[in-house]
Amino acid sequence: MKTYTKETLIEALVNIRDRGWIETQRKNNDGGVGNTLEDLLGIEENNLPIPNAAEWELKAQKKDTTSLITLFHMEPSPRAYKFVPLILLPEFGWAHQAAGQRYEKSEKSFRQTINAANYSNRGFIIKVDRNERKILVDFDCRHIESDAHSEWIKLVSQKILSPKPYWGFDDLYHKAGTKLHNCFFVLAESKIINGLLHFHYQDIYMLKKFDLEKFIDAIDKGRIYVDFDARTGHNHGTKFRLKRDALISLYEEVKKI
DNA sequence: GGTACCTGGAT
DNA sequence: GATCCAGGTAC
(Lines give C-alpha, C1' and ligand atoms only; values in the text may rest on other atoms or scores of the structure.)
Protein backbone atom coordinates (compact mmCIF):
# COMPACT_ATOMS: atom_id res chain seq x y z
CA MET A 1 0.00 0.00 0.00
CA LYS A 2 1.62 3.19 -1.17
CA THR A 3 1.37 6.40 0.78
CA TYR A 4 1.44 9.79 -0.83
CA THR A 5 1.92 13.40 -0.02
CA LYS A 6 0.00 15.96 -2.01
CA GLU A 7 3.08 16.57 -4.15
CA THR A 8 3.81 12.93 -4.92
CA LEU A 9 0.15 12.33 -5.64
CA ILE A 10 0.14 15.14 -8.21
CA GLU A 11 3.27 13.67 -9.76
CA ALA A 12 1.68 10.23 -9.96
CA LEU A 13 -1.52 11.56 -11.50
CA VAL A 14 0.42 13.51 -14.13
CA ASN A 15 2.41 10.37 -14.97
CA ILE A 16 -0.83 8.45 -15.41
CA ARG A 17 -2.15 11.20 -17.68
CA ASP A 18 1.03 11.02 -19.76
CA ARG A 19 0.61 7.26 -20.26
CA GLY A 20 -2.39 7.85 -22.50
CA TRP A 21 -4.85 5.00 -23.06
CA ILE A 22 -4.96 2.43 -20.28
CA GLU A 23 -7.08 -0.71 -20.26
CA THR A 24 -9.73 -0.97 -17.57
CA GLN A 25 -8.80 -3.28 -14.75
CA ARG A 26 -12.44 -3.90 -13.80
CA LYS A 27 -14.48 -5.39 -16.60
CA ASN A 28 -18.25 -5.37 -16.27
CA ASN A 29 -18.05 -2.81 -13.49
CA ASP A 30 -19.38 0.70 -13.80
CA GLY A 31 -16.87 1.79 -11.19
CA GLY A 32 -13.99 0.84 -13.47
CA VAL A 33 -12.80 4.37 -14.08
CA GLY A 34 -12.31 4.95 -10.36
CA ASN A 35 -11.13 1.46 -9.44
CA THR A 36 -8.57 1.45 -12.25
CA LEU A 37 -7.19 4.81 -11.14
CA GLU A 38 -6.79 3.48 -7.60
CA ASP A 39 -5.10 0.36 -8.95
CA LEU A 40 -2.68 2.48 -10.97
CA LEU A 41 -1.82 4.43 -7.83
CA GLY A 42 -1.31 1.24 -5.86
CA ILE A 43 -4.20 1.93 -3.51
CA GLU A 44 -5.78 -1.30 -2.36
CA GLU A 45 -9.52 -1.54 -2.70
CA ASN A 46 -11.32 -1.00 0.56
CA ASN A 47 -14.69 0.08 1.80
CA LEU A 48 -13.43 2.25 4.59
CA PRO A 49 -15.17 5.62 4.92
CA ILE A 50 -11.95 7.60 4.69
CA PRO A 51 -10.03 9.52 2.04
CA ASN A 52 -8.17 7.35 -0.44
CA ALA A 53 -4.66 8.73 -0.03
CA ALA A 54 -2.81 11.15 2.21
CA GLU A 55 -5.97 12.91 3.37
CA TRP A 56 -6.94 13.33 -0.26
CA GLU A 57 -10.09 11.82 -1.64
CA LEU A 58 -9.87 10.60 -5.24
CA LYS A 59 -12.75 10.74 -7.64
CA ALA A 60 -12.79 9.83 -11.31
CA GLN A 61 -15.49 10.14 -13.92
CA LYS A 62 -15.89 9.41 -17.60
CA LYS A 63 -15.80 12.71 -19.42
CA ASP A 64 -18.78 11.95 -21.63
CA THR A 65 -21.24 10.86 -18.95
CA THR A 66 -23.97 12.89 -17.32
CA SER A 67 -24.26 10.51 -14.39
CA LEU A 68 -24.15 11.82 -10.87
CA ILE A 69 -20.99 11.64 -8.77
CA THR A 70 -21.23 9.88 -5.42
CA LEU A 71 -19.94 11.88 -2.46
CA PHE A 72 -20.34 9.10 0.10
CA HIS A 73 -22.66 6.40 1.37
CA MET A 74 -24.67 6.65 4.53
CA GLU A 75 -27.73 4.69 5.58
CA PRO A 76 -30.46 6.79 7.21
CA SER A 77 -31.25 6.97 10.90
CA PRO A 78 -32.57 5.54 13.08
CA ARG A 79 -30.25 2.72 12.08
CA ALA A 80 -32.17 0.17 14.12
CA TYR A 81 -35.04 0.37 11.63
CA LYS A 82 -32.81 -0.80 8.77
CA PHE A 83 -35.02 1.24 6.46
CA VAL A 84 -33.74 -0.02 3.14
CA PRO A 85 -33.75 -3.79 3.65
CA LEU A 86 -36.73 -3.98 6.03
CA ILE A 87 -39.07 -1.18 4.91
CA LEU A 88 -38.29 0.64 1.68
CA LEU A 89 -37.42 -2.41 -0.42
CA PRO A 90 -40.08 -4.84 0.84
CA GLU A 91 -42.85 -2.31 1.49
CA PHE A 92 -42.27 0.22 -1.28
CA GLY A 93 -40.24 -1.75 -3.80
CA TRP A 94 -41.38 -2.98 -7.20
CA ALA A 95 -40.46 -5.82 -9.53
CA HIS A 96 -36.89 -5.47 -10.79
CA GLN A 97 -36.58 -4.84 -14.53
CA ALA A 98 -34.80 -8.17 -14.94
CA ALA A 99 -37.00 -10.18 -12.56
CA GLY A 100 -37.61 -13.60 -14.04
CA GLN A 101 -34.64 -13.23 -16.36
CA ARG A 102 -31.30 -12.30 -14.87
CA TYR A 103 -32.79 -12.60 -11.37
CA GLU A 104 -35.49 -14.64 -9.68
CA LYS A 105 -39.04 -13.70 -10.49
CA SER A 106 -39.43 -12.37 -6.95
CA GLU A 107 -36.51 -9.92 -7.26
CA LYS A 108 -37.59 -6.46 -6.16
CA SER A 109 -36.00 -3.08 -6.69
CA PHE A 110 -36.05 0.16 -4.76
CA ARG A 111 -34.18 2.78 -6.77
CA GLN A 112 -34.97 6.41 -6.01
CA THR A 113 -32.87 9.45 -6.84
CA ILE A 114 -34.58 12.20 -4.93
CA ASN A 115 -33.92 15.81 -4.01
CA ALA A 116 -35.45 18.65 -2.04
CA ALA A 117 -36.76 20.53 -5.07
CA ASN A 118 -39.37 18.11 -6.40
CA TYR A 119 -41.19 14.90 -5.59
CA SER A 120 -40.17 11.87 -7.63
CA ASN A 121 -42.91 10.33 -9.70
CA ARG A 122 -43.21 7.65 -7.01
CA GLY A 123 -43.96 10.28 -4.37
CA PHE A 124 -40.63 10.58 -2.54
CA ILE A 125 -38.83 13.80 -1.60
CA ILE A 126 -36.18 14.96 0.83
CA LYS A 127 -36.60 17.93 3.12
CA VAL A 128 -34.12 20.02 5.07
CA ASP A 129 -35.17 20.76 8.64
CA ARG A 130 -32.78 23.42 9.91
CA ASN A 131 -34.47 23.59 13.30
CA GLU A 132 -34.06 19.89 13.94
CA ARG A 133 -30.75 19.98 12.06
CA LYS A 134 -31.50 17.01 9.85
CA ILE A 135 -32.31 15.88 6.31
CA LEU A 136 -35.36 13.67 6.10
CA VAL A 137 -37.18 11.53 3.55
CA ASP A 138 -40.89 11.99 3.06
CA PHE A 139 -43.42 10.03 1.05
CA ASP A 140 -46.74 11.41 -0.19
CA CYS A 141 -48.83 9.15 -2.38
CA ARG A 142 -50.66 12.16 -3.82
CA HIS A 143 -47.50 12.89 -5.81
CA ILE A 144 -47.37 9.48 -7.49
CA GLU A 145 -47.83 9.68 -11.24
CA SER A 146 -50.58 7.10 -11.61
CA ASP A 147 -50.16 6.77 -15.35
CA ALA A 148 -46.53 5.76 -14.97
CA HIS A 149 -47.12 3.45 -11.99
CA SER A 150 -50.69 2.25 -12.32
CA GLU A 151 -50.09 -1.11 -10.61
CA TRP A 152 -47.53 -0.03 -8.03
CA ILE A 153 -49.71 2.80 -6.77
CA LYS A 154 -52.30 0.27 -5.66
CA LEU A 155 -49.73 -1.34 -3.39
CA VAL A 156 -48.56 1.83 -1.67
CA SER A 157 -51.42 4.31 -1.82
CA GLN A 158 -52.45 3.54 1.75
CA LYS A 159 -48.93 3.48 3.13
CA ILE A 160 -47.41 6.02 5.47
CA LEU A 161 -43.65 6.32 5.84
CA SER A 162 -43.30 6.61 9.60
CA PRO A 163 -40.97 7.26 11.20
CA LYS A 164 -39.23 9.14 8.44
CA PRO A 165 -35.66 8.20 7.56
CA TYR A 166 -33.25 11.03 8.34
CA TRP A 167 -29.60 12.07 8.49
CA GLY A 168 -28.48 14.44 11.23
CA PHE A 169 -26.44 17.48 10.19
CA ASP A 170 -23.68 16.50 12.61
CA ASP A 171 -23.38 13.00 11.16
CA LEU A 172 -23.25 14.45 7.65
CA TYR A 173 -20.68 17.03 8.71
CA HIS A 174 -18.48 14.37 10.24
CA LYS A 175 -18.70 12.12 7.18
CA ALA A 176 -18.09 14.88 4.66
CA GLY A 177 -15.48 16.60 6.78
CA THR A 178 -13.35 13.51 7.25
CA LYS A 179 -13.72 11.98 3.77
CA LEU A 180 -14.07 14.89 1.39
CA HIS A 181 -12.09 17.80 2.85
CA ASN A 182 -9.58 17.70 -0.01
CA CYS A 183 -10.14 15.91 -3.31
CA PHE A 184 -8.49 15.15 -6.63
CA PHE A 185 -11.17 14.87 -9.30
CA VAL A 186 -9.99 13.32 -12.56
CA LEU A 187 -11.94 13.23 -15.81
CA ALA A 188 -11.13 10.48 -18.27
CA GLU A 189 -11.91 9.98 -21.92
CA SER A 190 -13.07 6.46 -22.60
CA LYS A 191 -13.21 4.25 -25.68
CA ILE A 192 -13.24 0.63 -26.72
CA ILE A 193 -9.96 -0.67 -28.17
CA ASN A 194 -10.05 -4.20 -29.57
CA GLY A 195 -13.20 -4.83 -27.60
CA LEU A 196 -11.71 -3.66 -24.31
CA LEU A 197 -12.67 -0.51 -22.43
CA HIS A 198 -9.80 1.94 -22.06
CA PHE A 199 -9.43 5.21 -20.18
CA HIS A 200 -7.27 8.24 -20.76
CA TYR A 201 -7.12 10.20 -17.53
CA GLN A 202 -6.85 13.81 -18.66
CA ASP A 203 -8.28 16.63 -16.59
CA ILE A 204 -7.00 16.75 -13.02
CA TYR A 205 -8.76 19.11 -10.64
CA MET A 206 -7.35 19.80 -7.19
CA LEU A 207 -10.26 20.69 -4.92
CA LYS A 208 -9.42 22.09 -1.49
CA LYS A 209 -11.53 22.85 1.57
CA PHE A 210 -14.94 21.26 1.28
CA ASP A 211 -17.50 23.80 2.52
CA LEU A 212 -20.00 22.18 4.88
CA GLU A 213 -22.41 25.10 4.80
CA LYS A 214 -22.49 25.04 1.00
CA PHE A 215 -23.11 21.31 1.25
CA ILE A 216 -26.29 21.75 3.29
CA ASP A 217 -27.33 24.68 1.14
CA ALA A 218 -26.90 22.58 -2.01
CA ILE A 219 -29.11 19.89 -0.51
CA ASP A 220 -31.70 22.53 0.32
CA LYS A 221 -31.64 23.85 -3.23
CA GLY A 222 -32.03 20.40 -4.76
CA ARG A 223 -28.52 20.26 -6.24
CA ILE A 224 -27.55 17.26 -4.13
CA TYR A 225 -29.51 14.04 -4.44
CA VAL A 226 -30.15 11.16 -2.09
CA ASP A 227 -29.91 7.97 -4.13
CA PHE A 228 -31.40 4.70 -2.88
CA ASP A 229 -29.93 1.81 -4.83
CA ALA A 230 -31.23 -1.55 -3.63
CA ARG A 231 -32.49 -4.78 -5.11
CA THR A 232 -33.40 -7.88 -3.14
CA GLY A 233 -30.03 -9.53 -3.59
CA HIS A 234 -27.80 -6.49 -3.20
CA ASN A 235 -28.22 -3.17 -1.45
CA HIS A 236 -25.61 -0.94 -3.05
CA GLY A 237 -26.21 1.58 -0.31
CA THR A 238 -27.76 4.99 0.08
CA LYS A 239 -25.69 7.74 -1.44
CA PHE A 240 -25.38 11.49 -1.51
CA ARG A 241 -24.70 12.46 -5.13
CA LEU A 242 -24.40 15.50 -7.35
CA LYS A 243 -23.46 16.75 -10.76
CA ARG A 244 -19.93 17.63 -11.80
CA ASP A 245 -20.25 21.41 -11.56
CA ALA A 246 -22.01 21.10 -8.21
CA LEU A 247 -19.13 19.05 -6.82
CA ILE A 248 -16.56 21.62 -7.84
CA SER A 249 -18.68 24.44 -6.40
CA LEU A 250 -18.61 22.88 -2.93
CA TYR A 251 -14.88 23.58 -2.57
CA GLU A 252 -13.32 26.88 -1.58
CA GLU A 253 -10.25 26.44 -3.78
CA VAL A 254 -10.21 24.89 -7.25
CA LYS A 255 -7.06 24.41 -9.29
CA LYS A 256 -6.64 22.55 -12.55
CA ILE A 257 -3.35 20.68 -12.75
C1' DG B 1 -25.43 -14.15 5.32
C1' DG B 2 -27.31 -9.65 6.14
C1' DT B 3 -25.92 -4.94 6.50
C1' DA B 4 -23.33 -1.00 5.30
C1' DC B 5 -19.69 0.79 3.18
C1' DC B 6 -16.46 1.37 -1.44
C1' DT B 7 -15.88 2.29 -6.67
C1' DG B 8 -19.12 4.13 -10.33
C1' DG B 9 -22.91 3.83 -14.57
C1' DA B 10 -27.00 4.18 -19.13
C1' DT B 11 -31.12 5.76 -21.32
C1' DG C 1 -33.18 15.84 -16.08
C1' DA C 2 -35.48 11.96 -14.10
C1' DT C 3 -35.63 7.04 -13.56
C1' DC C 4 -33.54 3.34 -13.58
C1' DC C 5 -28.81 0.49 -12.69
C1' DA C 6 -23.54 -2.25 -12.09
C1' DG C 7 -19.39 -5.20 -9.30
C1' DG C 8 -16.79 -5.12 -5.16
C1' DT C 9 -15.28 -5.80 0.46
C1' DA C 10 -15.37 -5.74 5.90
C1' DC C 11 -17.51 -7.50 9.71
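Just so we're on the same page: letters track the sequence lines, and every chain starts at 1.
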J.: Measure CG/A/D39 against C1'/C/dG8 and give the value in whole Å, please.
T.: 11 Å

J.: Think A/R26 has a side-chain N or O under 4.0 angstrom from the OP1 or OP2 of C/dA6?
T.: no

J.: Counting any heavy atom closer than 4.0 Å, what does A/A148 reach on the DNA or RNA strands: base, sugar-phosphate only, or nothing?
T.: nothing

J.: Mark yes or no for a side-chain to base donor-acceptor pair under 3.5 Å between A/S67 and B/dA10, with no hydrogen or angle criteria applied.
T.: yes

J.: Any ion pair linking A/R130 and A/D220 (charged N to carboxylate O, less than 4.0 Å)?
T.: yes

J.: Can you work out whether A/F228 or A/K243 has the more 5'-proximal nearest nucleotide on DNA chain C?
T.: A/K243

J.: Under 3.5 Å, is there a donor-acceptor pair between the side chain of A/R79 and the main chain of A/E75?
T.: yes

J.: Closest to the A/T70 side chain: C/dA6, B/dG8, B/dC5?
T.: B/dG8

J.: Is the distance between the ring centroids of A/H200 and A/H198 under 6.0 Å?
T.: no

J.: Specify the separation, in whole Å, of atom CD of A/E38 and atom P of C/dG8.
T.: 15 Å

J.: Report yes or no: does A/N182 contribute a side-chain atom to a donor-acceptor pair with the main-chain N or O of A/K209 at less than 3.5 Å?
T.: yes

J.: Any luck finding a side-chain donor-acceptor pair between A/N35 and A/N29 under 3.5 Å?
T.: yes

J.: Check this one for me: any side-chain N or O of A/H73 less than 4.0 Å away from OP1 or OP2 of B/dC6?
T.: yes

J.: Which is more 5' along DNA chain B, the nucleotide nearest A/G31 or the one nearest A/T66? Just name the residue.
T.: A/G31

J.: Which residue pairs pass the ring pair (Phe, Tyr, Trp, His ring centres under 6.0 Å) test with at least one member in residues 26-55 of chain A, sequence neighbours excluded?
T.: none

J.: Output the rounded distance in Å from CZ (A/R244) to C1' (C/dG1).
T.: 15 Å

J.: I'd like to know if the side chain of A/R231 pairs up with that of A/S109 as donor and acceptor (distance under 3.5 Å, no hydrogens or angles considered).
T.: no

J.: Between A/E57 and A/K59 (salt bridge meaning N to carboxylate O under 4.0 Å), is one present in this structure?
T.: yes

J.: Between P on B/dG2 and CG on A/L86, what's the gap in Å once rounded to a whole number?
T.: 11 Å

J.: Does A/H234 get its side chain close enough to the base of B/dG2, under 3.5 Å, for a donor-acceptor pair?
T.: no

J.: Side chain of A/R111 only, please: which of C/dT3, B/dT7, C/dC4 is the nearest?
T.: C/dC4

J.: For A/T238, which contact category applies under a 4.0 Å heavy-atom criterion: base, sugar-phosphate, or nothing?
T.: nothing

J.: Give one of base, sugar-phosphate or nothing for A/Y103, where a contact means two heavy atoms less than 4.0 Å apart.
T.: sugar-phosphate

J.: Using a heavy-atom cut-off of under 4.0 Å over every strand shown, decide if A/F124 touches base, sugar-phosphate, or nothing.
T.: nothing

J.: Could you pick out which residue, A/R102 or A/N115, lies toward the 5' side of DNA chain C when each is mapped onto its nearest nucleotide?
T.: A/N115

J.: Looking at A/K179, does any N or O in its side chain come under 4.0 Å of the phosphate oxygens OP1/OP2 on B/dC6?
T.: yes

J.: Rounding to an integer number of Å, can you tell me how far A/Q25 CD sits from C/dA6 P?
T.: 24 Å

J.: Tell me whether the side-chain N/O atoms of A/Q112 come closer than 4.0 Å to OP1 or OP2 in C/dT3.
T.: no

J.: Base, sugar-phosphate, or nothing: which does A/N235 touch, judged by heavy atoms less than 4.0 Å apart?
T.: base

J.: Given atom CG of A/L247 and atom P of B/dT7, what is their separation to the nearest angstrom?
T.: 13 Å

J.: Which nucleotide wins on minimum distance to the side chain of A/F72, given the candidates B/dC6, B/dA4, C/dA2?
T.: B/dC6

J.: Starting the side chain at C-beta, find the nucleotide from C/dA2, B/dC6, C/dC4 nearest to A/Y225.
T.: C/dA2

J.: Under 4.0 angstrom, heavy atoms only, what part of the nucleic acid is A/K62 near: base, sugar-phosphate, or nothing?
T.: sugar-phosphate

J.: Considering every strand and a 4.0 Å limit on heavy-atom distances, what is the contact class for A/D64: base, sugar-phosphate, or nothing?
T.: nothing

J.: Rounding to an integer number of Å, can you tell me how far A/L37 CG sits from B/dG8 P?
T.: 8 Å

J.: Base, sugar-phosphate, or nothing for A/E57, non-hydrogen atoms under 4.0 angstrom?
T.: sugar-phosphate

J.: If you assign each of A/T113 and A/P85 to its closest nucleotide in DNA chain B, which residue comes earlier from the 5' end?
T.: A/P85

J.: Is there, by distance only and without an angle test, a donor paired with an acceptor across the side chain of A/H236 and the base of C/dG7 below 3.5 Å?
T.: yes

J.: Rounded to the nearest Å, what distance is computed from the NZ atom of residue A/K63 to the P atom of nucleotide B/dG9?
T.: 14 Å

J.: Taking only the side-chain nitrogens and oxygens of A/H96, find out if one of them lies under 4.0 Å from OP1 or OP2 of C/dA6.
T.: yes

J.: Would you tell me if any nitrogen or oxygen in the side chain of A/N121 comes within less than 4.0 Å of OP1 or OP2 on C/dT3?
T.: yes

J.: Of all the nucleotides listed (B/dA4, B/dT7, B/dG9), which has the minimum atom distance to the side chain of A/N29?
T.: B/dT7

J.: For A/D229, which contact category applies under a 4.0 Å heavy-atom criterion: base, sugar-phosphate, or nothing?
T.: base

J.: Identify whether any heavy atom of A/R79 sits under 4.0 Å from a base atom; if not, whether one sits that close to sugar-phosphate; answer base, sugar-phosphate or nothing.
T.: sugar-phosphate

